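Quick caveat, the model's predicted, so the values are computed rather than measured.
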Amino acid sequence: MSLRLYNTLTRSIESFVPLQPGRVTLYTCGPTVYNYAHIGNFRTFLFEDLLRRWLQASGYDVFHIMNLTDVDDKTIAGAVAAGQPLRTYVQPYIDAFHEDRRYLRIEDASVYPRATDFIAPMIELVEGLLARGVAYKGDDGSVYFAISRFPAYGKLSQLDRRELKVGASERVSADEYAKEDARDFALWKAARPDDEEVGAAWDAPFGRGRPGWHLECSAMALELVRQRTGLDVLDIHAGGVDLIFPHHEDEIAQSCAYTGRELFARYWVHGEFLKVGGEKMSKRYGNITTARDLREDGVDAGAIRLLMSQVHYRQRLDLTDAALASAREGSRRLGEFQNRLLAAAGHAAGDSTGGADAPPFAEAAERLDRELTEALDDDLNAPRAVAALFAFASAGNSALDAGQAAGPRALAAWRRAEGVLGVTSAVQVVKVGTAVEVGPAADSALAEAPPEGTDEGAQRSWAVRWAVRRKDAKAARDYGEADRIRALLRGAGWEVRDNRDGSLEVLRAGPKPPH
RNA sequence: GGCGCCGUAGCCAAGUGGUAAGGCAGAGGUCUGCAAAACCUCCAUCAUCGGUUCGAUUCCGAUCGGCGCCUCCA
């Protein structure tokens with residue numbers, strides 16, 4: 001059995017077969033960089049990251065394109081308001097996007113094309129459409145796509161089965177009057193003073209202006225895929241469900257009218273929304289949580305990824321404090337297990353048994369491999385994949401408690417699963433007694449409050465020193481003092497743990513320290 | 001008005017025509033000076049009402065409730 005995906009184009013689950021064996025071209029609609037992306041946006045990017053990782057884990061060479069929309073109404077409005085050139089205005093948001101996605105462990109796409117770097121291919125595309133007679137120049141100087149001349153229009157969103165509500169859009173833009181049909185969309189927008197002011201206007205044979213939103217994706221996708229594979233059809237195109245109509249529908253119309261192909265992308269996959277308090281997270285509702293908000297709260301990306309992974313990508317997910325807390329705890333547990341497994345398997349590798357897996361581990365590993373594959377191949381059923389990971393952790397903890405040896409087999413299975421899911425929190429464990437971090441100041445005056453700031457080293461040093469004091473108090477059977485110190489550490493987010501072998505450790509679950 | 005989605009234990013959630021994964025929380029237990037961690041055990045009949053079926057949570061219909069899209073929108 002291999003990967004099956006729900007294809008919005010056919011509204012059914014299909015076996016995934018790429019155009020070229022072993023290679024996949026994947027295009028995902030990226031952020032419009034006029035602001036910080038919120039985690040609703042990132043839910044989609046996270047689902048695409050899972051798709052990307054699973055394709056790679058399945059052996060495919062994936063060419064992943066994620067565009068950055070740096071020229072549209074919002075970026076231009078922002079640049080005008082800030083009195084900056086478009087490219088200048090947008091740069092901090094591009095940087096922030098990459099920072100946020102790295103925090104969330106979203107793998108690098110192969111390329112991140114910026115719309116303003118692809119003006120030439122866009123102009124070429126518009127010229128092609130004009131030449132084919134499916135585009136026309138309106139009275140306002142803009143160029144529009146004529147839906148009536150592209151019979152396949154509406155296939156993706158099943159427009160033929162719908163009836164557009166009259167006046168569903170409150171906005172009646174000025175260019176309505178320039179179009180032949182109200183549903184026609186702009187390929188190229190005639191330059192306005194604001195566009196000129198921020199450098200968002202380009203000369204073109206059909207008039208000075210700037211690209212329409214839909215055009216950007218078509219032009220960049222076609223250009224990059226042609227460069228890479230020589231083809232003019234994508235394997236997979238992904239995005240959020242709200243892009244199905246009109247964005248993706250319009251991309252299909254432009255691209256197919258231009259290439260003459262029946263398909264622009266062979267598989268269209270769409271992720272559902274993230275909701276907050278029952279409502280869609282949207283800048284419009286003002287219920288935004290950004291990735292950086294969560295990071296500042298000390299949330300490990302593993303917890304966020306777990307939260308998202310516990311709900312299927314085609315199912316809406318409601319973000320609540322309880323759900324996040326639940327995911328943090330689960331992710332922490334996985335992190336603790338990972339620490340144990342790594343230590344055990346690392347130790348086993350050097351011992352006389354040759355590092356072989358004890359039967360319970362060999363069995364658990366085989367099962368995890370199988371269940372992970374079954375789950376993810378089944379339209380990326382991450383909830384089931386995560387369940388398999390938890391089952392492995394439970395079995396592994398149990399086996400470790402029983403003194404069973406973990407070896408390379410168990411380690412490989414864990415790494416494969418966690419490598420795709422990335423749902424484990426980093427749990428810092430510092431063994432106390434090694435004196436490595438204690439230093440000469442161990443018995444000098446030590447502040448009861450943890451050090452200010454985010455210096456991990458200072459935090460850890462502080463915790464270790466107190467832990468050493470507690471160790472001494474405990475050795476002296478001064479349990480009152482030992483308990484007081486534990487409470488002190490707990491208040492700063494550290495837990496003290498006495499192990500069975502008499503060793504002592506302090507640990508904390510949190511975001512990965514900056515690297 | 002059109003198209004569509006959802007309603008599973010305290011919370012989140014997967015799934016199946018033959019009596020329901022997983023996570024969090026909770027209860028009891030093992031271990032521990034006390035904890036923490038880990039492990040073990042316990043904790044649902046799947047919104048309501050009809051229908052089809054030997055049998056439905058799983059198919060069909062209706063009802064109630066929540067939500068999304070219909071050219072800004074991940």
Side-chain angles (χ1 to χ4, degrees), chain A residues 11 28-32 37-48 72-74 157-169 171 173 182-186 213-214 238-247 249-250 270-275 278-284 306-307 309-312 314-320 322-334 336-337 340 371 375 378 381-391 393-402 423 427 474 477 479-480 482-483 486-487 490 495-500 505 507:
Chain A
R11 311 277 155 154
T28 59
C29 288
T32 298
H38 57 68
I39 53 165
N41 298 316
F42 275 110
R43 183 192 182 192
T44 298
F45 303 147
L46 248 6
F47 130 69
E48 292 161 350
D72 79 321
D73 291 348
K74 285 175 291 193
S157 50
Q158 304 190 165
L159 263 192
D160 53 327
R161 297 184 51 200
R162 317 192 328 180
E163 183 180 300
L164 294 184
K165 183 177 184 178
V166 178
S169 171
R171 310 180 329 140
S173 56
R183 297 178 306 158
D184 288 352
F185 57 91
W213 177 40
H214 314 306
V241 283
D242 57 333
L243 297 186
I244 294 172
F245 186 85
H247 187 54
E249 197 66 76
D250 292 351
H270 293 96
E272 256 299 346
F273 279 127
L274 178 76
K275 298 188 301 171
E279 280 189 320
K280 175 176 167 177
M281 178 176 288
S282 160
K283 281 151 191 161
R284 187 181 7 178
L306 179 63
L307 177 66
S309 298
Q310 282 180 313
V311 182
H312 187 92
R314 285 194 285 117
Q315 211 59 254
R316 289 186 196 118
L317 184 159
D318 203 353
L319 178 73
T320 61
L324 183 59
S326 165
R328 290 181 81 168
E329 178 58 20
S331 179
R332 190 223 99 238
R333 216 183 106 203
L334 292 172
E336 293 244 27
F337 171 68
R340 278 189 92 183
E371 291 181 347
D378 185 12
N381 194 320
R384 256 163 60 203
V386 159
L389 196 68
F390 273 102
S394 290
N397 270 322
S398 188
L400 252 18
D401 281 355
V423 293
V427 178
K474 205 183 144 196
R477 296 191 168 270
Y479 295 122
D483 290 348
R486 178 166 50 219
R490 214 172 251 171
E495 189 63 51
V496 187
R497 183 175 300 166
D498 299 333
N499 293 321
R500 279 185 188 174
E505 22 181 72
L507 67 164

- Task: Apply side chain to side chain donor-acceptor pair (under 3.5 Å) to A/R43 and list each qualifying residue two or more places apart in sequence or on a separate chain.
- Result: none
- Query: Going 5' to 3' along nucleotides 30-37 of chain B, which nucleotides have protein heavy atoms under 4.0 Å from the base (write B), which only from the sugar-phosphate (write S), and which from neither (write -)?
  - Reply: -S-BBBBS
- Short side-chain N/O contact to B/C39 OP1/OP2 from A/N397, under 4.0 Å: yes
- Query: Roughly how far apart, to the nearest Å, are B/U45 and B/U57 at atom P?
  - Reply: 12 Å
- Item | Any-strand Watson-Crick or G-U partner of B/C34, both distances under 3.5 Å | none
- Paired nucleotide for B/G26 [Watson-Crick or G-U wobble; both distances under 3.5 Å]: B/C42
- Task: Would you please name every residue forming a salt bridge (Lys or Arg N to Asp or Glu O under 4.0 Å) with A/K474, sequence neighbours left out?
- Result: A/D498
- Listed by chain and number, what are the salt bridge (Lys or Arg N to Asp or Glu O under 4.0 Å) partners of A/D483, not counting sequence neighbours? A/R486
- Item | Whole-angstrom distance between B/C46 and B/G29, as gauged at atom C1' | 31 Å
- Are the side chain of A/N381 and the backbone N or O of A/R384 linked by a donor-acceptor pair below 3.5 Å? yes
- Item | First of A/A387 and A/G239 reached from the 5' end of RNA chain B, by closest nucleotide | A/A387
- Using purine N1 to pyrimidine N3 plus N6-O4 or O6-N4 for Watson-Crick, or N1-O2 and O6-N3 for G-U wobble, both under 3.5 Å, which nucleotide pairs with B/C64? B/G7
- Item | Any strand: nucleotide that pairs with B/U16 via Watson-Crick or wobble, under 3.5 Å | none
- Message: Do A/R333 and A/S394 pair up side chain to side chain, a donor and an acceptor below 3.5 Å, judged on atom types alone?
- Response: yes
- Query: With respect to the side chain of A/Q310, which nucleotide from B/G22, B/C72, B/U71 is positioned closest?
  - Reply: B/G22
- On a whole-Å scale, what distance lies between the P atoms belonging to B/A74 and B/U41? 47 Å
- Message: Evaluate A/E272 against A/R314 for salt bridge (charged side-chain N to carboxylate O under 4.0 Å, His left out), listing each step before the verdict.
- Response: CA-CA 5 Å; A/E272 256 299 346; A/R314 285 194 285 117; over 6 Å; no
- Message: Taking 4.0 Å as the cut-off, does a side-chain nitrogen or oxygen of A/S394 come that near to OP1 or OP2 on B/C39?
- Response: yes
- Rounded P spacing from B/G10 to B/U19 in Å: 23 Å
- Which nucleotide sits closest to the side chain of A/F390: B/C11, B/A14, B/G22? B/G22
- Sugar-phosphate only, base, or nothing, as touched by A/F47 at under 4.0 Å among non-hydrogen atoms: nothing
- Item | Whole angstrom value for the distance that separates P of B/A74 from CD1 of A/I244 | 14 Å
- Item | Partners meeting ring pair (Phe, Tyr, Trp, His ring centres under 6.0 Å) with A/F390 (sequence neighbours left out) | none
Interface polar pairs with nucleotides 6-10 of chain B, N/O, under 3.5 angstrom:
none

- Inter-nucleotide P distance (B/A25, B/C11), Å rounded: 16 Å
- Query: If you check the A/H312 side chain, which of B/A74, B/A14, B/U71 turns out closest?
  - Reply: B/A14
- Message: Both distances below 3.5 Å, Watson-Crick or wobble geometry, any strand: find the nucleotide opposite B/C69.
- Response: B/G2
- What is the distance, rounded to the nearest whole Å, between atom CG of A/L319 and atom C1' of B/A74? 15 Å
- In whole Å, what is the span from the NZ atom of A/K275 to the C1' atom of B/C69? 14 Å
- Message: If you assign each of A/S398 and A/V311 to its closest nucleotide in RNA chain B, which residue comes earlier from the 5' end?
- Response: A/V311
- Just name whichever nucleotide pairs with B/U58, Watson-Crick or G-U, keeping both distances under 3.5 Å, else none. none
- Looking at residues at least two apart in the chain, or sitting in another chain, which of them share a side chain to side chain donor-acceptor pair (under 3.5 Å) with A/S398? none
- Between CG of A/D73 and P of B/C72 the distance, given in whole Å, is 9 Å
- Task: With sequence neighbours left out, write down each residue that passes side chain to side chain donor-acceptor pair (under 3.5 Å) with A/T44, or none if nothing qualifies.
- Result: none
- Message: Suppose you measure atom P in B/U48 against the same atom in B/A56; what distance do you get, rounded to whole Å?
- Response: 15 Å
- Task: Give the rounded distance in Å between these two atoms: CG of A/D242 and P of B/C5.
- Result: 17 Å
- For the pair made of CG in A/D401 and P in B/A38, what is the distance, rounded to whole Å? 10 Å
- Message: For A/R332, give me all partners under side chain to side chain donor-acceptor pair (under 3.5 Å), at least two apart in sequence or on another chain.
- Response: A/E329, A/E336
- Side-chain touch A/F337/A/L400, heavy atoms, less than 4.5 angstrom: yes
- Note on the structure: Whole-Å distance, A/L317 CG to B/C11 P, equals 16 Å
- Task: For B/G61 versus B/C70, give the span between their C1' atoms, rounded off to a whole number of Å.
- Result: 27 Å
- Integer-rounded Å distance: B/C12 C1' and A/L324 CG: 12 Å
- Query: Using a cut-off of 4.0 Å on non-hydrogen atoms, how would the nucleic acid contact of A/L274 be classed: base, sugar-phosphate, or nothing?
  - Reply: base
- Message: Would you say that more than 12 heavy atoms from the other residues, nucleotides or ligands in this model lie under 6.0 Å from the CZ of A/R477, or not?
- Response: no
